[in-house]
A.B. asks: 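Have a look at this one before I ask anything.
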Amino acid sequence: MIEKGVTGRTDEWLIHEILRMKKEKNAVLLAHFYQIPQIQDIADYIGDSLFLARQASETTADIIVFAGVHFMAETAKILNPLVKVLLPDMHAGCSLADTCPPDEFRKFRARYPDHVVISYINSSAEIKAQSDVICTSSNAVDIVNSFPLDQKIIFAPDRNLGGYVNRVTGRNMVLWEGTCEVHDILTVESVIRLKRDNPDAKLIAHPECRAPILELADFVGSTSALLKYTISDPSDKFIVATETGILHQMKKNSPDKEFIIVSAEETCACNDCPYMKMNTLEKLYLCLRNEQPEIIMPEDLMEQAGKPIFKMLEISKKLHKV
Ligand code: 13P
Ligand code: SF4
C-alpha cells in the first residue's frame, strides 16, 4: 500500500524528488529494460543483466537503487557488499528463479557428480551458491564454450536458454526444466501469423522463448543485443518476441522503424513481466526517501554466491566481451 501524501502526486513531482534525493544521497539508479518508461527515462544506467551487474560492481555511489527484480538487486549486493542496495518492491521476484528451489536443485545436482554447474543469473543466491559459474543471456554461449567440449555440464534454471545454447554450441548439457512465465507463454503460431501478415519484418527473440520461435528468428539475443540489432540492421520493421518494456528504447533509438510485439493472446497487445512492473515512481520515491526496502543477506551466502558471479565477470573480461 502506498502511504497517503504520495498518492495523488504528479509524475513530475515524483521525478523531481527522486532526482533531488538521488543527488543528495549519492545514489545511483540502475534500471532494466523491462521497467516502465518513466523509470527508464530517469535512470543513471539502463541495460541488460550483465551490464547492470557490471555497473553495480564498479559504482562508487553510497546507495544503489535497483529498478529491476530481486535476483538483480541481490547480485548487486553480492558484487558490492559495502553499498546499500535498495529494491523499490521486495515482492518483485522472478517466475523463472522460482522454478528452481534450492533443496530440489541440490538433489538434482547429486545425480550428476562429474558435471559442472552453469546457472543463469535469473536464479536465487542459494542456486548461485551451488553453481560453478553464472552466465547471462548475453554471455551464455561464451561461458559454456569456455569449458572443453567433453566437459559434462548442468545448465539451470532456464530450459529454453539451455536448449538454445546446446544447439549453438553442439553440446548436450543436462537442463533443469525451468521457464519464464512471460517468454514461455509466447507461441510459434502467433509468431507465424505475424510473419505472414508482415513478410517484410525481421523476427528477433530473447533466448528465454521456446525453441520453435528461436529457430524461426533472424536474430536471438539478450535485451541489449536485441536493441543494438534494431539500431544497426537496415530493416524498418521488427517482430519482437520478448517483454514489452524493451520497445521504449527501440522506439526512442529508431523512431522511424516499426516494432510489433509478439503477445501471448491475439486480443492482448501486452506481455508485461508482472514482477518488473511492480516498480512504480511512487515506490521508487518512497524507497529513496526511507532507504527501504534494503537487500540484506547472510555473509556466508554472499561469499558462496559471489564466487561463480566473479568467475563469470573474469571469463567475459578475458574474452573482451565487457
Ligand atoms: P537480459 O539479461 O537479456 O536483459 O534478460 C533479463 C531477463 O529477465 C529476461 O527475462
Ligand atoms: Fe523473470 Fe521472466 Fe520477468 Fe525476466 S521476464 S524477470 S525471467 S519472470
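Numbering of ligands and ligand atoms starts at 1, following listing order.
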A.B. asks: Atoms of ligand 1 less than 4.0 Å from Asn122 heavy atoms?
C.D. replies: 7 (C), 8 (O)
A.B. asks: Measuring from the heavy atoms of Glu208, does anything fall under 4.0 Å of ligand 2?
C.D. replies: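 It does; at least one heavy atom falls under 4.0 Å.
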A.B. asks: Who's the nearest protein heavy-atom neighbour of atom 2 (Fe) of ligand 2, and how far?
C.D. replies: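 Residue, atom and distance for the closest contact: Cys180 SG, 2.3 Å.
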A.B. asks: Decide whether an N or O pair under 3.5 Å exists between Ser222 and ligand 1.
C.D. replies: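 No - when backbone and side-chain N and O of Ser222 are compared with those of ligand 1, no distance drops under 3.5 Å.
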A.B. asks: Can Arg54 and Ser316 be counted as having a side-chain donor-acceptor contact under 3.5 angstrom?
C.D. replies: yes
A.B. asks: As an exercise, identify every atom of ligand 2 less than 4.0 angstrom from a heavy atom of Asn122.
C.D. replies: 4 (Fe), 7 (S)
A.B. asks: Can you tell me the protein heavy atom closest to atom 2 (O) of ligand 1 and the distance?
C.D. replies: Ser49 OG, 2.8 Å
A.B. asks: Quick one: does ligand 1 sit under 4.0 Å from the side chain of Tyr34, the backbone, both or neither, non-hydrogen atoms only?
C.D. replies: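 Only the side chain of Tyr34 comes within reach of ligand 1.
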A.B. asks: Without hydrogens or angle criteria, can the side chains of Asn279 and Gln35 be said to hold a donor-acceptor pair below 3.5 Å?
C.D. replies: yes
A.B. asks: Considering both backbone and side-chain atoms of Thr223, is one of its nitrogen or oxygen atoms within less than 3.5 Å of a nitrogen or oxygen in ligand 1?
C.D. replies: yes
A.B. asks: Identify the closest protein heavy atom to atom 3 (O) of ligand 1: which residue and atom is it, and at what distance?
C.D. replies: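 It is Ser137 OG, 2.6 Å.
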A.B. asks: Under 4.0 Å from any heavy atom of His206, which atoms of ligand 1 are there?
C.D. replies: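 Those of ligand 1 that fall under 4.0 Å from His206 are 1 (P), 3 (O), 5 (O), 9 (C).
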A.B. asks: If we set the cut-off at 4.0 Å for heavy atoms, which region of Ile121 has an atom near ligand 1: side chain, backbone, both, or neither?
C.D. replies: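 Contact part for Ile121 vs ligand 1: neither.
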A.B. asks: Has His183 got an N/O/S atom less than 2.8 Å from atom 2 (Fe) of ligand 2?
C.D. replies: no
A.B. asks: Is atom 3 (Fe) of ligand 2 under 2.8 Å from any N, O or S atom of Cys273?
C.D. replies: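 Under 2.8 Å: Cys273 contacts atom 3 (Fe) of ligand 2 through an N, O or S atom.
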A.B. asks: What atoms of ligand 1 come within less than 4.0 Å of a heavy atom belonging to His32?
C.D. replies: 1 (P), 4 (O), 5 (O), 6 (C)
A.B. asks: Can you list the ligand 1 atoms lying under 4.0 Å from a non-hydrogen atom of His183?
C.D. replies: 10 (O)
A.B. asks: Tell me whether ligand 1 is touched by Thr136 - counting only heavy atoms on the residue side and a distance under 4.0 Å.
C.D. replies: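 No, Thr136 has no heavy atom closer than 4.0 Å to ligand 1.
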A.B. asks: Give the atoms of ligand 2, by number and element, whose distance to some non-hydrogen atom of Ser95 is under 4.0 Å.
C.D. replies: 8 (S)
A.B. asks: What atoms in ligand 1 come closer than 4.0 Å to a heavy atom of Glu208?
C.D. replies: 7 (C), 9 (C), 10 (O)
